[in-house]
Amino acid sequence: MFKYLIFESISIIVGIVAIATILIRFYKYRNLADFFKLKTILISTILLIVAIFTWTLSNKTYAPDFAMPTFNRSHAPGGLPPSIPFTGMLDFFTNKNRFEKVKDIGADPNDVPTESQKPDADGIVRISLRAQEVISEIAPEIYFNYWTYNGQTPGPMLRVKEGDTVEVALTNDPTSLHDHNIDLHAVTGPGGGAKLTHVAPGETKIFKFKALNPGLYVYHCATPNVSTHNSHGQYGLILVEPKEKLEQVDKEFYIVQGELYTMGQIGKKGLIPFDAAALIDGKPNYVTFNGKIQSAPRMYANVGDKIRIYVGNGGVNLISSFHVIGEIFDTVYPNASIGGSLEHNTQTALVLPGGSTIVEFTVDVPGTYLLVDHALARMNKGAWAELVVRGNENHDIFSPIRNDHME
Ligand SMILES: [Cu+2]
């Protein structure tokens with residue numbers, strides 16, 4: 001993953017040496033005729049052309065204002081800026097080999113616990129999570145240093161029951177370079193547990209809370225700079241199921257939208273550094289459904305299945321307009337409020353940053369359905385996933401009539 005960086009660095013060094021040689025020689029031999037006869041000029045010119053060529057090949061797309069601004073400022077509480085300090089960058093590059101290389105960062109959308117986690121014998125539901133900084137691919141050959149819960153983005157979907165007493169143990173993997181914590185929006189109490197779970201690398205902390213309100217809640221890292229931690233992939237969803245349980249459906253899926261701020265243009269390959277300036281401006285290069293750009297469909301259903309999707313938005317800047325192309329939501333739990341009024345026959349559901357929604361629909365016609373953020377420019381940045389529905393055609397609902405071809 002560093003080959004692009006190495007390629008780029010070498011071409012810059014060679015280019016600078018070639019230009020410097022040409023300038024020095026030019027300064028020495030003011031006579032142009034003599035100057036062009038020099039072998040060193042020929043070699044330097046060739047080297048310069050090669051350097052420009054390799055520089056282009058290495059997909060040079062760094063923003064002109066070195067995009068990891070070391071000296072930017074923040075007015076967030078505590079004032080810690082979103083950029084990673086220069087020493088942090090050095091730390092990263094000197095320690096890069098200790099990070100786990102995760103083959104597939106994207107949480108499996110099928111990974112929805114079928115029921116609420118059972119309490120232990122003492123009546124307490126115990127959840128363990130591990131904060132871990134890893135390296136994985138946003139898309140083939142585009143690597144990013146993700147900060148995760150359990151080595152995946154989003155973190156695992158958690159499911160507890162209204163009224164449960166829940167103990168959350170957060171361990172920060174010893175390989176981490178940063179402190180982390182967890183703020184669960186399902187918690188009633190300061191910081192949602194963030195302060196109580198603030199862990200340095202290698203540490204574990206536990207806190208408990210009572211799940212008072214049913215609903216689908218975002219959890220995320222709230223270590224300053226909070227937006228930096230979130231936009232490295234540290235978020236997930238916790239469902240607090242109501243006492244009377246949600247109706248059984250045929251398929252449940254787990255999708256969380258999130259943003260990745262990377263240096264340079266979309267598609268730049270190699271290990272791409274985080275871009276704090278783009279984060280502050282709210283201009284992500286990638287908007288993902290489950291952490292990365294989909295490489296193959298992962299959601300399958302059969303005609304007639306009733307589907308429920310738990311949708312979250314890890315943010316940190318964009319409001320999501322969640323839509324399934326070719327379907328209408330039979331039921332939406334607006335803002336994932338459980339117990340509030342439901343919406344029916346809805347085309348697009350609002351998913352706020354740090355918020356969520358629950359949508360339900362029955363699939364009647366086979367085919368591939370695209371889940372999107374209907375701010376459709378974001379499809380170019382990865383905000384889509386496919387749901388494949390298999391089964392018999394239903395011509396009563398959807399069919400072609402005639403296909404005329406112009407002669
Ligand atoms: Cu964190």
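Order of listing sets the numbers, starting from 1, for every ligand and every atom in it. Keep in mind that the numbers below use all heavy atoms, side chains included, and drop hydrogens, waters and symmetry copies.
Among the backbone and side-chain atoms of Gln234, an N, O or S atom lies under 2.8 Å from the Cu ion (ligand 1). Contact annotation: Cys221 places an N, O or S atom under 2.8 Å from the Cu ion (ligand 1).
Counting heavy atoms from C-beta on, the side chains of Val102 and Tyr146 never come closer than 4.5 Å.
Taking the Cu ion (ligand 1) as reference, the nearest N/O/S atom within His180 carries the name ND1. Distances from the Cu ion (ligand 1) to each N, O or S atom of His229 single out ND1 as the nearest.
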Could you please spell out the steps behind the side chain to side chain contact (heavy atoms under 4.5 Å, CB included) verdict for Val168 and Phe207? CA-CA 6 Å; Val168 179; Phe207 88 109; 3.7 Å; yes
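A salt bridge is defined here as a Lys NZ or Arg NE, NH1 or NH2 lying under 4.0 Å from an Asp or Glu carboxylate O, and Lys292 with Asp104 meets this definition. Under a 4.0 Å N-O distance rule, the pair Lys251/Asp305 does not qualify as a salt bridge.
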